[in-house]
Every structure is written in structure tokens, then in C-alpha cells.
Amino acid sequence: MDRNSYWKIMQKYIGSDVTSLVSLPVLICEPMTNLQKMAEIMEYSHLLDRADECEDPYMQMVYASSWAVSVFYAFRRAWKPFNPILGETYEMVNHGGITFIAEQVCHHPPIGAGHAENEHFVYEVTSKIKTKFLGNSVDIYPMGRTCVTLKRKGVVLDLVPPPTKANNLIFGRTWIDNAGEMIMTNVTTGDKVVLYFQPCGWFGANRYEVDGYVYNASEEPKILITGKWNESLSCQPCDKEGEPIPGSELKEVSIINSFFL
Ligand SMILES: *[C@@H]1O[C@H](CO)[C@@H](O)[C@H](O)[C@H]1NC(C)=O
Ligand SMILES: *[C@@H]1O[C@H](CO)[C@@H](O)[C@H](O)[C@H]1NC(C)=O
Ligand SMILES: *[C@@H]1O[C@H](CO)[C@@H](O)[C@H](O)[C@H]1NC(C)=O
């Protein structure tokens with residue numbers, strides 16, 4: 001089917017949730033359901049190992065959230081049309097000490113479940129999405145749950161990723177952006193990291209920018225985090241206004257794309 005006739009058919013769905021539409025190109029639903037890709041997020045799992053080994057509770061949150069940010073780079077890179085069938089499983093055994101297993105548990109709407117584990121962490125995900133079709137683009141809201149347990153101290157972190165937008169679905173070259181808040185919460189203490197993913201502006205301005213803070217349970221900022229999710233993240237201790245503490249340094253915590261250079 002050519003893009004013009006596709007456009008005529010799809011126009012009536014503007015504003016609706018199209019997750020379950022059979023006629024949707026698989027590529028729209030795909031970012032969250034490709035089981036093999038769910039395993040790719042383990043590419044940066046050394047950041048979770050570091051979080052587990054880290055003594056400072058706030059730096060622990062910095063490492064764990066940098067891992068969560070790196071996932072978006074892994075996803076973006078692996079964008080290709082492919083939708084797993086119901087009951088399909090994917091298993092990766094002892095890949096650098098990590099065992100990963102995932103299963104497509106529902107086809108319409110697509111829901112996948114995954115579990116990964118090594119000596120430092122347990123990662124559990126149920127990926128499920130809600131969509132809003134906007135014509136030439138679709139907003140994809142994560143509705144599933146992601147939970148990371150750091151084993152040494154039994155820290156349980158709950159992750160809510162930012163929404164995703166797939167642009168130029170029908171006209172032009174399709175590209176993906178993540179914009180909005182990502183929140184990672186220590187479910188025991190209520191400490192959290194809130195990172196804001198800037199939307200991509202005209203001519204690519206602000207693309208990949210991400211900024212935010214680690215907050216303690218009374219919502220006082222402790223550490224500021226800034227960077228680009230295609231490059232690296234850095235952090236610096238801050239005062240309760242969120243300003244860097246004089247004399248402290250901005251330190252790089254993760255180089256996100258170093259594996260692909
Ligand atoms: C998170 O909670 C655990 C207890 O489960 C605690 O030991 C740890 O220090 C907390 N981390 C932060 C960043 O507050
Ligand atoms: C959060 O940090 C502020 C400022 O350092 C402190 O006054 C407050 O007691 C802390 N809250 C918790 C729950 O640790
Ligand atoms: C990351 O994105 C920015 C803005 O689009 C770009 O200038 C930069 O070259 C990218 N970095 C890498 C390593 O691809």
C-alpha cells in the first residue's frame with residue numbers, strides 16, 4: 001500500500017489509541033515489544049553493577065538512573081520493524097554473567113515480560129504501551145512497570161520512563177524522540193531521581209538533552225545530573241536551590257555510546 005492511501009485510511013484514527021490496531025505498521029508498536037531488544041538494555045548493565053557497589057546512597061541513584069538513560073540510546077539504535085508472536089520467548093544465558101529471559105505474553109495489545117539477573121542486580125520489566133495517534137506521528141506512553149533490585153543492600157528502584165514520540169510515520173523519514181520526565185524512586189526511602197528529557201526542537205536544537213536532580217525523601221535536591229543521552233551524563237553535588245556547591249566539580253558518570261565508537 002502506498003503512503004497516500006495509507007494516510008487516507010489512518011486519518012480517522014487521529015487522537016485515538018492505536019495500540020491494538022491490526023493495520024498499524026508493526027514499527028509503531030515495536031520499540032517496547034521486541035524481546036531481543038529488551039535484552040539490549042543490558043549493554044550498559046555495568047552502571048547497575050556500579051550502583052550496587054556504591055556506598056553513597058545518592059550516587060547509587062546517579063549510577064542507576066544513568067543506566068536507565070543509556071537504555072534509550074540502545075533502543076534508538078536498534079529501531080527496526082519486528083513484532084514478536086504470542087508466546088515467543090527470548091533467552092540469553094550467562095552473557096557476561098547476565099542471564100536474561102523474556103516472553104511475549106499478549107499480542108494485542110502487545111505486552112512483553114522480561115527478567116535479567118547477575119550477581120549485582122535483578123531487573124524486571126513488564127512492557128505495555130498506550131498510544132495517541134496524531135496523524136504523521138504517534139505518542140507512545142509506557143504503561144508497564146520496570147523494577148531494579150540492587151542485591152548488596154536490597155535497594156528496590158521503581159522506574160517510570162519518559163514518553164516516546166515516533167515522528168514522520170507516513171511522510172518523510174521516521175525518527176524517534178523521547179521527551180518528558182523519567183522518574184526513578186527508591187521505594188523504601190522515597191528518594192528519587194527526576195530527569196527531564198528535552199523535546200527535540202526545530203533543526204535538532206536540544207536533541208538528546210537531559211537534566212535533573214536526585215532528591216531526598218523531602219524533595220530537597222542533592223545532586224544535579226546533566227548531559228545528553230547520546231553522549232554522556234555528568235553529576236555534581238548541589239544545594240537546596242539546585243545550584244552547584246562552590247568548589248565541587250562536575251564529574252562524568254557514564255559515557256553512553258563508548259561501545260559503538
Ligand atoms: C534506598 O533504600 C535502601 C533501603 O532499601 C537504603 O539502604 C538506601 O540507602 C536507599 N538509597 C537512597 C539513595 O536513599
Ligand atoms: C533532605 O535534605 C534536607 C536538606 O539537607 C534535610 O533538611 C532533610 O531532613 C532531608 N530529608 C530527609 C528525609 O532525609
Ligand atoms: C549527539 O547529538 C548531538 C546533537 O544532535 C550531536 O551534535 C552529537 O554529534 C551527537 N553525539 C554523538 C556522539 O553522536
Side-chain angles (χ1 to χ4, degrees), residues 3-4 6-35 37-38 40-41 44 65-84 108-112 125-146 159-184 193-212 225-231 233 256-257:
R3 286 187 161 199
N4 278 324
Y6 187 73
W7 174 239
K8 286 202 185 87
I9 295 168
M10 291 308 289
Q11 259 175 329
K12 64 171 180 280
Y13 295 113
I14 287 177
S16 26
D17 184 348
V18 290
T19 316
S20 298
L21 266 192
V22 188
S23 61
L24 260 194
V26 283
L27 108 129
I28 295 180
C29 300
E30 191 264 345
M32 304 298 169
T33 58
N34 179 333
L35 301 178
K37 193 186 296 177
M38 282 165 66
E40 281 205 26
I41 63 182
Y44 301 94
S65 60
S66 331
W67 165 78
V69 169
S70 73
V71 166
F72 290 95
Y73 192 70
F75 272 146
R76 187 204 67 111
R77 199 182 123 260
W79 180 258
K80 52 188 180 291
F82 166 56
N83 206 8
H108 285 296
I111 301 177
V125 62
T126 312
S127 80
K128 187 175 166 220
I129 54 169
K130 221 176 112 173
T131 58
K132 187 171 182 195
F133 184 66
L134 299 167
N136 199 26
S137 65
V138 64
D139 286 340
I140 305 167
Y141 302 96
M143 305 300 287
R145 283 189 59 91
T146 301
L159 178 71
V160 180
T164 297
K165 192 182 189 84
N167 298 283
N168 293 348
L169 284 181
I170 298 168
F171 306 109
R173 188 170 148 266
T174 305
W175 61 280
I176 311 299
D177 194 27
N178 292 101
E181 276 178 355
M182 183 186 91
I183 304 172
M184 186 178 247
V193 179
V194 181
L195 292 176
Y196 184 72
F197 286 62
Q198 299 276 354
C200 181
W202 291 105
F203 308 111
N206 305 332
R207 182 130 172 81
Y208 302 117
E209 275 176 27
V210 49
D211 298 284
I225 300 176
T226 181
K228 287 193 169 188
W229 56 270
N230 70 333
E231 284 175 359
L233 292 183
I256 287 168
N257 60 7

Minimum side-chain heavy-atom gap [X]-[Y] below 4.5 Å:
{"X": "I140", "Y": "P163", "result": "no"}
{"X": "K228", "Y": "L233", "result": "no"}
{"X": "Y141", "Y": "K132", "result": "yes"}

How many angstroms lie between [atom1] in [X] and [atom2] in [Y], if you round to the nearest 0.5 Å?
{"X": "D211", "Y": "T226", "atom1": "CG", "atom2": "OG1", "result": "4.0 Å"}
{"X": "I225", "Y": "S66", "atom1": "CD1", "atom2": "OG", "result": "6.0 Å"}
{"X": "R145", "Y": "T126", "atom1": "CZ", "atom2": "OG1", "result": "8.0 Å"}

Are N167 and S137 linked by a side-chain donor-acceptor pair shorter than 3.5 Å?
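No donor-acceptor contact under 3.5 Å links the two side chains.
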Below 30° counts as parallel, above 60° as perpendicular, anything between as tilted: where do the rings of W229 and F197 land?
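Answer is tilted, since the angle falls between 30° and 60°.
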State, to 0.1 Å, how close V69 and M182 come at their nearest heavy-atom pair, and which atoms those are.
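Shortest heavy-atom separation between V69 and M182 comes out as CG2-CE, 4.0 Å.
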Centroid-centroid distance, Y44 to W67, less than 6.0 Å:
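No, too far apart.
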Please walk me through it: do M184 and L195 pass side-chain contact (heavy atoms from CB on, under 4.5 Å)?
CA-CA 9 Å; M184 186 178 247; L195 292 176; over 6 Å; no
Set out, in order, the CA-CA distance, both residues' side-chain angles and the distance that settles side-chain contact (heavy atoms from CB on, under 4.5 Å) for V193 and I183, then state yes or no.
CA-CA 6 Å; V193 179; I183 304 172; over 6 Å; no
